[in-house]
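All values reported here derive from a predicted model rather than from experimental measurement.
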Amino acid sequence: YNCSMPLDRLSRNIHYLRVSLTDRCNLRCVYCMPEDQTFRPKPELMQDEELLTLIRLCAEMGFDKFRLTGGEPTVRANIVDLVRGIAQTQGVRSLSMTTNGILLNRLAKPLAEAGLQRVNISIDSLDAQKFKRLTRWGSFEDVWEGIKASEEAGLTPIKLNAVVVRGYNEEDVVDLARLTLDHAWQMRFIEMMPFGDVSEFQTTQIVSAEEMRKRISEAIAPLESVDGGKLDGEARLYRLPDSKGDLGFISSVTEPFCASCTRARLTADGRLRMCLLREYELDLLTPLRQGASTDDLKNIISTAVWNKPWGHGLAHNMIPMNRVMSEIGG
């Protein structure tokens, strides 16, 4: 049982795996996918046993922090049993999920009982009409109930994610920031990242983290830096005076955090992707299905980790075109 993950070439300890459970979603957010998105046939995606096998191998190699993503992870069949299986895997120290929250009203409690520890819930506006326009299909009420249900189930600290898109919700950052005055939540604002088919829309609608901070400071109160601006994962933290929660700003485009990146991604079709914004991937599912040995599979994982790119190439207009966000799991 080997607890130390091979470091990558830049001596970053890659121990955080984001696992995409499905490429499907019950929303169609404008910055993520086209409304008529087609999905992969299910047999091409990792089945339950395959998923648990690959997670076990990664845990044996030193990955200890796991986050379940999608598409929308809660639409995966058997999600509660899968979470239980992952939570019981030796070496899994942290298990969380990023979700749109639509189904959490029903699932928060069973997921918590199965071993899920925390959730990050996407909420781009508190205005029901704007929410609908951004998500195309979503109901704000459902998400709000999901947030409350998660808090009651103990999936805390609750983190909320808003992707800020010019022309859609750049003004809403103020109301979203106000949530932290009364709730011990972390409200995180994310710069939109350019991807695949929707990349042209994205590069023109980016709102920088600096602009968001300025907007909040002017409308409510000056922000106080938390931990001297040190990164919490990928977010720089601030807080409003006397607030119960804090604010995180994730500026992948204007202030990248590649130097401290410790993560890899397992896509729903079983490929290890070492940078969200680079096309480099290594296939684990095909060799697994062809009967590759545990050692063979671990060698592929080691190779992928060793070759993790230093950073993304957005500054040089290198935009990854081989997948949209929902296929990778944000």
Side-chain angles (χ1 to χ4, degrees), residues 29 31 65 67 94 96-102 104-105 108 112 116-131 134-135 138 140-166 168-192 206-255 257 260 330:
C29 297
Y31 51 78
K65 180 177 176 182
R67 172 172 293 279
S94 166
S96 55
M97 177 186 282
T98 294
T99 164
N100 62 30
I102 300 263
L104 284 180
N105 198 16
L116 188 69
Q117 295 164 352
R118 286 176 308 285
V119 285
N120 286 26
I121 300 170
S122 303
I123 184 162
D124 297 330
S125 175
L126 300 182
D127 175 318
Q129 280 176 305
K130 275 194 185 174
F131 186 85
L134 266 163
T135 60
F140 171 77
E141 246 347 271
D142 291 345
V143 178
W144 194 252
E145 284 173 17
I147 294 171
K148 295 292 198 201
S150 302
E151 199 166 41
E152 278 164 33
L155 294 170
T156 52
I158 301 264
K159 292 184 179 178
L160 304 179
N161 292 342
V163 175
V164 183
V165 185
R166 192 173 306 288
Y168 282 85
N169 66 338
E170 71 267 40
E171 285 137 32
D172 297 60
V173 298
V174 173
D175 284 342
L176 289 165
R178 277 200 181 101
L179 291 175
T180 63
L181 293 171
D182 302 319
H183 301 278
W185 300 339
Q186 184 180 112
M187 182 70 231
R188 293 144 53 100
F189 298 102
I190 302 171
E191 288 180 350
M192 188 169 50
I206 288 171
V207 180
S208 73
E210 191 178 359
E211 181 185 328
M212 299 177 209
R213 288 194 287 269
K214 186 165 178 280
R215 213 175 250 282
I216 293 165
S217 296
E218 286 172 1
I220 312 176
L223 295 179
E224 303 162 357
S225 175
V226 175
D227 294 337
K230 194 167 125 294
L231 282 178
D232 171 43
E234 55 282 306
R236 283 189 176 77
L237 299 188
Y238 293 80
R239 58 187 317 146
L240 288 163
D242 304 323
S243 64
K244 292 186 177 166
D246 48 32
L247 304 172
F249 294 86
I250 299 178
S251 30
S252 323
V253 181
T254 62
E255 305 165 41
F257 40 86
S260 58

State the OH-CG distance between Tyr31 and Leu134, to the nearest 0.5 angstrom. 7.0 Å
Find the distance between CG (Leu240) and CG (Leu223) and round it off to the nearest 0.5 Å. 5.5 Å
Between Tyr168 and Asp124, is a side-chain hydrogen bond (donor to acceptor under 3.5 Å, both in side chains) present by the stated rule, with each step listed? CA-CA 9 Å; Tyr168 282 85; Asp124 297 330; over 6 Å; no
So, are Asp232 and Lys159 salt-bridged, with charged N and O less than 4.0 Å apart? yes
Gap between atom OG of Ser225 and atom NZ of Lys230 - 0.5 Å precision: 11.0 Å
Determine, step by step, whether Ser96 and Gln117 satisfy the side-chain contact (heavy atoms from CB on, under 4.5 Å) criterion, reporting the C-alpha distance in whole Å, the side-chain angles of both residues, the deciding distance to 0.1 Å, and the verdict. CA-CA 6 Å; Ser96 55; Gln117 295 164 352; 5.7 Å; no
Taking Thr135 as the fixed residue, which of Ser122, Ser125, Cys29 is the one that meets the side chain to side chain contact (heavy atoms under 4.5 Å, CB included) rule? Cys29
Should Leu237 and Gln186 count as side-chain neighbours, where that means a heavy-atom distance under 4.5 Å? yes
From CE (Met187) to CG (Leu160), nearest 0.5 Å: 5.5 Å
Report yes if the side chains of Val165 and Glu170 come closer than 4.5 Å at any heavy-atom pair, otherwise no. no
Could you go through the side-chain contact (heavy atoms from CB on, under 4.5 Å) check for Arg178 and Leu126 one step at a time? CA-CA 11 Å; Arg178 277 200 181 101; Leu126 300 182; over 6 Å; no
Kindly compute the distance separating CD1 (Ile158) from CD (Glu151), expressed to the nearest 0.5 Å. 5.5 Å
Would you name the heavy atoms of Pro241 and Pro222 that are closest together and state the gap between them? CD-O, 3.5 Å
Using a 3.5 Å distance criterion without hydrogens, assess whether the side chain of Asp127 forms a donor-acceptor pair with backbone atoms of Lys130. yes
Testing the basics here: between Asp182 and Lys244, what is the closest heavy-atom pair and its distance to 0.1 Å? O-CD, 3.4 Å
Value rounded to 0.5 Å, distance of CG in Leu247 from CH2 in Trp185: 13.0 Å
Please enumerate all residues that pass side chain to side chain contact (heavy atoms under 4.5 Å, CB included) together with Lys214, with sequence neighbours excluded. Glu218
Which pair of non-hydrogen atoms, one from Ile121 and one from Ser150, has the smallest distance, and what is that distance? CD1-OG, 3.9 Å
Just so I know, are the side chains of Tyr238 and Ile216 near enough to count as touching, which here means a heavy-atom distance under 4.5 Å? no
Which heavy atom of Ala112 sits nearest a heavy atom of Ala153, and at what distance? CB-O, 3.6 Å
Is the shortest heavy-atom distance from the side chain of Met97 to the side chain of Leu155 under 4.5 Å? no
If you apply the rule side-chain contact (heavy atoms from CB on, under 4.5 Å), what do you find for Ile147 with Leu104, and how did you get there? CA-CA 7 Å; Ile147 294 171; Leu104 284 180; over 6 Å; no
Within-4.5 Å side-chain heavy-atom neighbours: Ser251 and Arg236: yes
Sidechain-backbone polar pair: Glu191 side chain, Ala209 backbone, donor-acceptor under 3.5 Å: yes
Assess whether atom CD of Glu224 is packed by more than 12 heavy atoms of other residues, nucleotides or ligands within 6.0 Å. yes
Donor-acceptor contact below 3.5 Å, side chain Arg166 vs main chain Ile206: yes
Does a side-chain heavy-atom distance below 4.5 Å link Ser94 with Arg118? yes
Side chains of Leu181 and Asp242: does their closest heavy-atom pair fall under 4.5 Å? no
Between Leu176, Asp172, Ile190, Val207, which is the residue that forms a side chain to side chain contact (heavy atoms under 4.5 Å, CB included) with Val164? Val207
Contact between Asp246 and Thr180 at the side-chain level, heavy atoms closer than 4.5 Å - yes or no? no
